[in-house]
Amino acid sequence: MSDVKPLAGKKSAQKIAPAKPRPSPTSGPTDPGVASSPGFFSRDHVPEVAPEEALFFARSGLQHRLLRQLKRGSLPIEARLDLHGCTLAEAGIQLAEFLQQCQDRGLRSVCLVHGKGHRSAEGRPVLKTHINQWLRDTPAVLAFSSALPRDGGMGALYVLLRRR
C-alpha cells in the first residue's frame with residue numbers, strides 16, 4: 001500500500017445528491033406477521049379463480065411431508081372461520097382479525113370457508129378470488145390448500161400459519 005497515491009482532482013469534486021431520498025429502514029411494518037392495516041382491501045386486478053378450481057400455495061423452504069399433510073387434510077384443524085354471506089370489506093376485516101388472533105394464540109393449522117361464489121351477485125367467486133391473493137400477500141401464511149369435501153371442498157382452504 002506504500003505506493004498508492006490519491007487520484008488528482010477528486011478533492012475538489014462536488015457530491016451530487018440523489019434525486020429521491022432513500023426510504024428509512026423502519027418505514028415498513030416491524031413484525032412480518034402483523035398487518036399494517038386493520039383488514040384486507042379489494043383490488044382492481046386480481047387473477048380470476050374458477051368456482052371449482054383447486055388452490056394451492058407454499059412458500060419455499062417448507063418440508064414436503066408437512067405440505068403433503070396439509071393437502072391431505074391430516075393436520076388437526078385448530079380454528080375455523082366461515083365467511084359465507086360476508087361482503088368483501090367484511091371478509092377482509094374478519095380475516096385479518098382471525099389470522100392475528102390465531103397467531104397470538106400460537107395456532108398453526110386453520111380452516112377458512114369462503115364458498116364457491118355460486119350465489120354471488122357477480123356470478124363468480126369474488127371471495128375465493130380475493131382470499132387467494134390476500135393469503136399469498138400475508139407473510140404469516142406459510143401455505144394453503146383447497147380442503148377435502150368433508151371440510152368444504154373447493155369452497156374452503158386449509159391454511160398453515162407461521163410460528164411466532
Side-chain angles (χ1 to χ4, degrees), residues 23 26-164:
T26 58
S27 63
T30 56
D31 184 4
V34 176
S36 60
S37 62
F40 297 101
F41 299 98
S42 174
R43 296 185 180 164
D44 293 334
H45 304 289
V46 179
E48 284 293 320
V49 176
E52 297 297 329
E53 182 178 343
L55 299 178
F56 178 76
F57 168 78
R59 299 207 186 277
S60 62
L62 289 175
Q63 296 176 352
H64 294 290
R65 184 176 138 270
L66 186 62
L67 293 176
R68 199 168 39 249
Q69 287 176 323
L70 181 72
K71 285 182 179 182
R72 291 180 182 166
S74 59
L75 293 175
I77 296 173
E78 299 169 314
R80 187 180 304 267
L81 176 65
D82 190 344
L83 297 171
H84 275 112
C86 292
T87 64
L88 204 52
E90 292 169 346
I93 292 169
Q94 285 185 29
L95 180 60
E97 290 173 356
F98 176 74
L99 293 176
Q100 184 63 52
Q101 288 172 1
C102 289
Q103 276 229 294
D104 291 344
R105 292 174 39 204
L107 304 181
R108 284 285 316 268
S109 178
V110 299
C111 183
L112 296 176
V113 182
H114 48 70
K116 296 179 188 176
H118 290 305
R119 288 184 255 160
S120 72
E122 290 85 4
R124 57 188 176 86
V126 177
L127 274 183
K128 182 175 183 176
T129 297
H130 277 79
I131 287 174
N132 177 41
Q133 191 61 49
W134 289 341
L135 292 178
R136 290 171 188 266
D137 294 342
T138 304
V141 174
L142 294 175
F144 62 84
S145 177
S146 291
L148 296 177
R150 70 173 188 246
D151 293 318
M154 299 302 147
L157 293 170
Y158 299 129
V159 181
L160 183 66
L161 298 174
R162 182 182 308 273
R163 286 191 179 140
R164 281 215 180 240

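In terms of heavy-atom proximity, Val49 sits nearest to Pro125 at O-CG, 3.0 Å. Looking at every heavy atom in both residues, Leu157 comes nearest to Leu135 through CD1-CD1, 3.7 Å. Across Glu53 and Lys128, no two heavy atoms sit closer than the pair O-NZ, 2.7 Å. Residues Cys102 and Leu161 come closest through the heavy atom pair CB-CD1, 3.6 Å. Taking all atoms of both residues into account, the shortest heavy-atom contact from Ala156 to Cys111 is CB-SG, 4.3 Å.
Put simply, OG1 on Thr138 and CG on Leu95 are 7.0 Å apart, with the number rounded to the nearest 0.5 Å. The CG atom of Leu107 sits 11.5 Å away from atom CG of Leu160, with the distance rounded to the nearest 0.5 Å. Rounding to the nearest 0.5 Å places CD1 of Ile131 at 13.0 Å from CZ of Arg136. How far CG of Asp104 is from CD of Glu97: 11.5 Å, rounded to the nearest 0.5 Å.
With sequence neighbours excluded, no residue forms a side-chain hydrogen bond (donor to acceptor under 3.5 Å, both in side chains) with Arg72. Taking Arg124 as the reference, Glu48 meet the salt bridge (Lys or Arg N to Asp or Glu O under 4.0 Å) condition, with sequence neighbours excluded. Residues that satisfy the side chain to side chain contact (heavy atoms under 4.5 Å, CB included) test with Gln101, not counting sequence neighbours, are absent from this structure. Annotation: side-chain hydrogen bond (donor to acceptor under 3.5 Å, both in side chains) contacts of Glu52 (sequence neighbours excluded): Lys116.
Contact of the Cys86 side chain with the Gln94 side chain is registered, since non-hydrogen atoms from C-beta on lie closer than 4.5 Å. In this structure, Leu67 and Gln63 have side chains that are not in contact, with every pair of non-hydrogen atoms separated by 4.5 Å or more. At least one side-chain heavy atom of Leu112 sits less than 4.5 Å from a side-chain heavy atom of Phe98.
When atom types are taken as modelled, the side chain of Gln103 and the backbone of Arg163 share no donor-acceptor pair closer than 3.5 angstrom. When atom types are taken as modelled, the side chain of Gln69 and the backbone of Leu75 share no donor-acceptor pair closer than 3.5 angstrom. A donor-acceptor distance shorter than 3.5 angstrom exists from the side chain of Glu90 to the backbone of Thr87, with no hydrogens or angles considered.
A cation-pi contact, defined as under 6.0 Å to the ring centre and within 45° of the axis, is absent between Lys71 and Tyr158.
Residue pairs meeting the salt bridge (Lys or Arg N to Asp or Glu O under 4.0 Å) criterion with at least one partner in residues 55-68, sequence neighbours excluded, are absent.
Each of Val159, Asp151, Val110 was scored for a side chain to side chain contact (heavy atoms under 4.5 Å, CB included) with Ile77, with one residue passing: Asp151.
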Solution key, residues 139-150 side-chain donor-acceptor pairs under 3.5 Å, sequence neighbours excluded:
unit_1, atom_1, unit_2, atom_2, d
Ser146, OG, Leu55, N, 2.6
Ser146, OG, Leu55, O, 3.4
Arg150, NH2, Gly73, O, 2.9

